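Each chain gets a letter, A, B and so on, in the order the sequences are listed, and its residues count up from 1. Below, each value reflects all heavy atoms present in this structure, side chains not excepted, and no hydrogens, waters or symmetry copies. Quick caveat: nothing in here was measured; it's all calculated off a predicted structure.
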Amino acid sequence: MNKKHRFILTISILILVLLLSLTSCAKKETNKTEERKPEVYKIGVILSLTGAGSPLGIPERNALEMLADEINGKGGIDGIKLELIIEDDQTDPAKASQAARKLIEKDKVIALIGSSVSPCSLAIKEIVARYGIPWMCPSAANAITEGDIKWVFRTAPKDAVAVEALLNYISKNTKYKRLAILHDSNAFGQSGADEIKKRSVDFNVEIVSIEKYETNAPDLSSQLTKIKQSNPDAIIVWGTNPGPAIAAKNMKQLGLNIQYFGSHGIANKKFIELAGDAAEGVIFPAGKILVADQLDDGDPVKEYMLEFASKYEKRFKEKPVTFTAHTYDALNILVESIKKAKSIEPEKLREAIESTKDYIGLDGTIDYSKEDHDGIGIDDLVIVKIENGKWIKLQ
Amino acid sequence: MIETLIQLLISGAVLGSIYGLIGVGFSVVHTATGAINFAQGEFAVLGAFLAISLTGADLPHFFAVIISPIVLTLFVVLLFRIFLTRVADDALYLVVATIALSLMLKTLLLYFWGREPIGLSSPFQGKTLNIAGLMLGYDQLLIIAGALIAYIFLLFFFSKHPAGKAMKAVVEEKEIAMASGLNPALYQGVAFAFGSLLGAFAGCLVAPVSMLSYNSGGLLGLKGFASAIFAGLDRPERAVFGGIILGVIESLVVLFVPSGFKDVVALIVLLIVLTLKPEGFLSGGRKRLA
Amino acid sequence: MLGLFKKYKNLKIVLFFSLLLVFAGLFLNNEYYFATASIFVINSLLITSLMMVIGYAGQISLAHGAIYGIGAYTSAILTTKLGAPFLLALLASALAGFLVSLIVGAPSLKLRGHYLAMATLGVGEIIVILFQELDFLTGGVNGFVGIKPAEIFGYSFVNLTEYYALVSVIAVSILAFLAIFVDSKIGRALRAIKSSEIAASSLGLNPSFYKLMVFGLSGAVAGSCGSLYAHLDRFISPSTFSVSFSVMMVAMVIVGGESSFAGSLAAALIFSLLNEYVRQFQELSQFLFGLGLFLVAIYMKGGIGNIGKIFPAKLERVKRSEAS
Amino acid sequence: MLEIKGLNAYYGHIKAVKDFSLRVKKGEIIAILGPNGAGKTTLIRSIGGFSPPYTEGEIIFNGKNITRLKPFERLGLGIAVLLEGKRVFPGLSVADNLFIGGYTLRRRKKELKENIESVLELFPVLRERLNKRASVLSGGEQQMLAIARALISSPEILCLDEPSFGLGPKVVEAIFKTLDYLRKERGLSIVLVEQDAALALKFSDYSILMVSGSKKIEGRSKELINDKRLLNIYLGG
């Protein structure tokens with residue numbers, strides 16, 4: 001009796017909901033973009049403006065707003081203005097994918113830019129692959145440009161490039177053979193460390209110990225004490241502030257006097273400010289924008305970078321960092337491609353982006369091709385040393 | 001090897017003192033309200049940031065470290081008077097309110113102090129004490145000293161000071177306390193403010209060693225909570241030792257396991273301790289429902 | 001049929017919920033809305049299952065997010081790495097959630113209140129660290145990329161409209177089961193245990209068994225939620241299942257009202273919509289979310305689900321104090 | 001001095017006390033009797049100002065309407081209430097328990113000290129255990145501590161809910177003797193809720209029998225002792 005009731009109930013609910021699925025399937029989606037000229041070019045932006053990724057996301061957003069204002073100030077693209085729709089993913093991939101769906105489906109943006117940290121970008125990758133719109137990505141994980149890369153274009157140096165630049169420098173210009181790695185446990189630190197470990201053989205160096213720390217850990221002396229015991233020639237610290245600065249201070253305090261190599265995550269004034277004296281002598285790979293004034297006069301990007309830096313400083317009262325360049329270039333390439341394609345039809349826009357050649361941006365010279373959607377190569381990075389609280393270009 | 005071990009012990013004690021200082025704030029709030037203050041970590045960061053801004057305005061370090069917790073405490077008293085009294089009676093809702101508060105505080109910290117971590121310049125300029133090869137910075141020493149001072153102060157407060165006794169009475173038997181002429185909301189407010197004072201104090205001590213960002217509160221809060229639980233919530237002052245034990249475990253564990261699993265081991269130790277002694281490792285031994 | 005609704009009061013709410021889902025399905029017109037609705041359905045189920053632990057077993061768990069994650073990773077690994085069919089993976093996720101939840105629940109036999117909160121938080125944290133560290137299996141911190149879409153008898157649910165329907169059917173069935181469960185003999189036993197453990201054990205009920213059972217059941221539901229989520233976004237990463245998510249879930253249960261089905265569903269709706277709404281405010285997003293939660297906590301004491309029953313709630317409290 | 005006028009107390013829809021009126025004079029002991037669920041506890045809670053219940057009617061103490069005062073505001077006026085079951089702060093020492101009892105006097109150190117002294121004379125057992133945690137005391141000692149704590153603020157009226165519950169006869173006897181002494185020597189008024197009717201009638205001046213929230217029988221205790229109706233209600237329900 002009772003069981004029968006339950007059965008009937010369950011079945012009726014099942015039927016009810018199945019009905020729903022039929023009715024909603026009947027409404028076929030019409031997702032074609034009209035070929036008429038739109039009133040504005042809507043660009044979707046997803047960045048980590050709060051949460052652990054915000055030190056990346058906020059400068060990235062600043063650069064975009066500055067560029068969009070500039071373009072619109074000049075009348076937009078052939079008279080059509082740009083509109084940025086910016087969403088915060090709170091450094092949570094689940095929110096990033098929802099944001100991507102919203103921007104594509106509801107706001108009908110013509111292209112996406114984002115997100116700041118790799119897990120969020122990887123979440124977006126799934127969505128973009130499904131809907132097929134061009135996507136400019138400013139984050140670093142190798143996996144972003146592996147597999148299906150049809151819609152994704154990267155403007156940031158991927159982990160592999162930054163690691164290669166640093167290891168290349170260490171093996172060619174120094175005599176350090178025994179290296180220790182200390183890295184953040186977040187995506188940036190973990191992928192960096194994995195990459196160093198993988199490439200160490202190619203560059204003939206030995207990794208004698210690997211230690212990690214949680215983002216925002218207040219003290220790193222226990223990890224460093226263990227590293228000290230393994231007796232390395234030099235240490236590579238891969239992370240974003242404040243971890244590397246705490247490590248530098250802790251090293252000094254523990255009397256661990258070995259060469260400190262960093263990542264491009266410390267390519268900002270903040271690191272020098274936080275670490276103080278302990279920052280002296282630190283060597284790390286960085287985008288050219290960091291030392292734009294020290295570039296050879298013949299370098300095609302020098303002028304451009306200096307101009308950008310002064311504009312950025314004027315508006316935001318702070319120096320631009322490596323990350324600002326990634327989104328700035330992304331939007332610029334997008335704008336150029338819209339002009340070139342004379343269409344916002346996804347496939348045509350994508351082809352226009354893919355045909356970008358010798359684009360001179362803040363990150364360096366960007367070339368895309370059918371097989372290569374990574375714009376930045378090892379030549380676009382420089383090795384920088386901190387001396388007297390200033391960056392000195394080494395290569 | 002033995003030197004490494006001792007060095008790790010010292011590092012652990014420093015780390016643990018940080019945890020413990022945050023942890024006592026949890027216990028104090030719990031003592032009077034029965035709730036866990038999820039914004040404790042944010043209070044610590046807020047305290048540190050206020051102190052940083054004050055030193056930025058050319059106030060001597062010492063004064064900044066004293067004024068900042070006081071300012072924060074006044075802010076919390078106001079907050080409690082205006083909003084939280086409404087939920088002070090119901091620990092569950094108070095907990096939710098503090099969760100919400102921590103989210104809001106994070107945004108305020110981001111808005112006023114920016115996204116990047118900042119450090120408090122140390123009066124010792126990072127000077128280090130070298131005792132037979134063992135290195136201990138003055139700043140680190142100050143943290144340990146701060147934790148011990150907090151311990152002694154709280155021990156005195158809860159066993160000798162009338163307000164401390166009243167706070168304990170309120171949480172033990174609220175209705176008898178009311179019948180004895182105590183206004184629970186007052187003592188809950190006092191406890192809340194006191195907890196935030198301790199948090200801000202902890203933040204000020206930690207800031208010279210570890211740069212804090214608006215986002216650092218979460219991790220600090222989590223470790224502080226663990227220290228408080230480790231020590232048993234019924235004896236607030238002992239959270240200091242709960243923290244130190246936790247810190248030492250975390251630090252020593254690095255020797256034996258990859259540091260990615262450092263927290264796993266520390267948590268497993270905590271779980272084992274909780275199973276063996278459900279009311280906290282260092283607690284008075286009296287079983288009581290939390 | 002009507003008798004059934006009288007006996008199992010919460011079924012009415014589930015029926016209303018399913019009507020709401022059908023109604024929503026008729027009016028939504030793009031995949032973003034369907035994804036949002038699917039996430040709402042998943043959250044509803046997740047919050048309701050946690051509500052069972054808090055409201056019916058009187059225990060707390062801060063590992064719910066992690067168990068949700070266990071379900072998601074189980075399903076992702078089984079379908080994508082081992083090629084298992086979706087339905088099997090869904091069942092396996094439920095089973096995994098069930099088993100891990102028993103481990104999470106084990107301390108509840110000895111611990112209470114904040115001590116239990118810490119213990120479950122610890123287990124939850126360990127699970128999330130494992131997601132990060134076992135990268136050969138989970139993809140590590142960067143996340144698990146390229147999860148296969150849900151597939152039933154060869155039909156692939158790539159279209160989110162269809163996936164919404166699938167999620168709804170599964171969720172409503174599970175909710176209906178839960179609704180029947182809480183008003184069954186077992187559910188009544190649970191309520192007896194919650195009001196007085198000593199009295200209940202003198203009636204021959206074994207509190208430990210029942211408490212663990214609720215933990216297990218709730219874990220199984222959370223595990224299936226994870227599976228549903230994994231095939232929606234088709235990408236998962238450890239940070240989604242962090243302690244802060246679990247804390248938020250507990251907050252939602254409290255906001256909804258401790259043992260209220262309707263409240264949990266309402267809280268899920270608020271949570272999902274608020275999350276969607278605040279994202280556009282950029283840096284202010286967390287502040288606005290926090291403000292919303294703060295106001296609800298302060299001015300809606302008793303839970304949204306209990307608004308209509310403030311009087312009866314008082315009544316119950318008295319009955320208890322009179323009895324003692 | 002204490003007067004209750006037309007008190008109705010509700011728990012939600014349930015009316016636990018119905019139209020109850022009472023006058024307590026100085027130095028009088030009033031016993032409230034009745035079976036379980038008669039509303040006795042509710043009455044005591046209302047006098048103490050504890051909620052629930054929600055109340056209607058007036059409670060007047062020494063000419064002042066105290067109906068809407070919070071519990072902690074009533075002690076200062078001279079009303080001490082000992083609630084059912086809860087007796088002491090288990091985690092505090094005996095001395096601290098007493099200290100909390102005199103918390104309102106903490107600024108007047110001399111008076112507080114004298115009051116504690118005089119209370120300890122009443123209960124010499126407590127003096128020996130001043131530094132023990134209250135939770136380790138026996139049930140009887142805890143009850144004495146509770147009464148002692150309530151007396152420190154020198155109240156004019158003491159309301160007790162089932163002081164004999166769970167205690168041995170000898171202890172109960174001692175406690176009641178002390179109460180009787182307090183009434184005679186200090187003119188303390190006492191409102192006593194008690195299950196043990198024989199005991200309550202023996203010690204009180206005036207008794208009220210409550211059944212399901214209302215007064216059923218009232219009268220001078222000496223006369224009620226032999227009242228058949230009382231026996232019927234207790235035995236027959």
Side-chain angles (χ1 to χ4, degrees), chain A residues 2 5-6 8-10 13-14 16-25 27 29 31 47 49-52 54 58 61 85-95 97-99 101-106 118-120 122-123 125-127 130-131 141 143 147-148 185-187 189-191 194, chain C residues 1 3-4 11 14-15 18-19 21-23 25-26 28-36 39 129 132 135 139-143 145-147 158-162 164-166 168-169 172-173 176-177 180 229 233-240 245 275-276 278-286:
Chain A
N2 207 348
H5 271 311
R6 279 183 211 184
I8 292 170
L9 184 87
T10 321
I13 292 174
L14 275 173
L16 214 57
V17 186
L18 275 173
L19 251 173
L20 133 87
S21 69
L22 290 177
T23 47
S24 34
C25 290
K27 282 189 303 202
E29 293 281 318
N31 202 16
L47 293 170
L49 299 171
T50 55
S54 61
I58 293 175
R61 195 256 327 260
I85 303 177
I86 304 174
E87 303 253 330
D88 172 23
D89 64 31
Q90 299 180 8
T91 324
D92 177 359
K95 295 203 170 75
S97 54
Q98 263 304 85
R101 278 194 205 102
K102 182 204 161 217
L103 291 168
I104 298 171
E105 282 276 285
K106 179 164 173 260
S118 300
C120 290
L122 287 166
K125 191 181 180 190
E126 297 297 321
I127 313 289
R130 159 134 176 72
Y131 295 102
D148 176 17
S185 57
N186 66 14
Q190 185 69 52
S191 342
D194 290 347
Chain C
M1 199 63 192
L4 199 63
L11 271 184
V14 176
L15 184 71
S18 53
L19 285 176
L21 295 186
V22 174
F23 196 67
L26 293 174
L28 300 179
N29 59 11
N30 74 39
E31 289 212 334
Y32 159 62
Y33 292 130
F34 278 109
T36 310
I39 289 171
I129 294 176
Q132 286 175 11
D135 47 2
V141 268
N142 271 331
V145 191
I147 299 170
V158 180
N159 185 320
L160 289 186
T161 312
E162 292 161 19
Y164 167 69
L166 179 70
S168 302
V169 172
V172 168
S173 326
F177 171 75
I180 290 172
Y229 169 68
D233 266 3
R234 290 162 59 193
F235 169 84
I236 46 176
S237 85
S239 56
T240 306
F245 182 72
N275 250 332
E276 279 305 309
V278 299
R279 220 179 29 231
Q280 56 184 304
F281 294 99
Q282 306 181 26
E283 282 105 317
L284 278 180
S285 58
Q286 291 198 6

Inset, instruction - Give, as side chain, backbone, both or neither, the part of A/Ile58 having an atom under 4.5 angstrom from any heavy atom of chain C. - result: side chain
Inset, instruction - Identify the two heavy atoms, one from C/Leu160 and one from A/Tyr131, that lie closest to each other, and give their separation to 0.1 Å. - result: CD1-OH, 3.9 Å
Inset, instruction - Compare all side-chain heavy atoms of A/Asn186 with those of C/Val141 and state whether any distance is below 4.5 angstrom. - result: no
Inset, instruction - Output the option from A/Ser54, A/Ser191, A/Ala99 having the highest count of non-hydrogen pairs under 4.5 Å with chain C. - result: A/Ala99
Inset, instruction - Report yes or no: do C/Ser285 and A/Gln90 form a side-chain donor-acceptor pair below 3.5 Å? - result: yes
Inset, instruction - Identify which part of C/Ser237 has an atom lying under 4.5 Å from any heavy atom of chain A, answering side chain, backbone, both or neither. - result: side chain
Inset, instruction - Could you tell me whether the side chains of C/Asp233 and C/Tyr229 share a donor-acceptor contact shorter than 3.5 Å? - result: yes
Inset, instruction - Give, as side chain, backbone, both or neither, the part of A/Glu87 having an atom under 4.5 angstrom from any heavy atom of chain C. - result: both
Legend entry - C/Ile39, part contacting chain A, at a heavy-atom distance under 4.5 Å: side chain
Inset, instruction - Determine whether C/Glu276 and C/Tyr32 make a side-chain contact, defined as any pair of heavy atoms from C-beta on separated by less than 4.5 Å. - result: yes
Inset, instruction - Measure A/Asp194 against the heavy atoms of chain C and call it side chain, backbone, both or neither at under 4.5 Å. - result: side chain
Inset, instruction - Select one option (side chain, backbone, both, neither) describing which atoms of C/Phe245 are under 4.5 Å from chain A's heavy atoms. - result: neither
Legend entry - Option that, when pairs with chain A are counted at under 4.5 Å, heavy atom only, ranks first among C/Gly146, C/Gly139, C/Pro238: C/Gly146
Inset, instruction - Indicate yes or no: at least one non-hydrogen side-chain atom of C/Phe235 is less than 4.5 angstrom from one of A/Ser97. - result: no
Legend entry - Test item: A/Leu49 and A/Ile86 side chains (from C-beta on) under 4.5 Å apart, heavy atoms: yes
Inset, instruction - Would you mind telling me which of A/Gln190, A/Lys106, A/Gln98 has the largest number of heavy-atom pairs within less than 4.5 Å of chain C? - result: A/Gln98
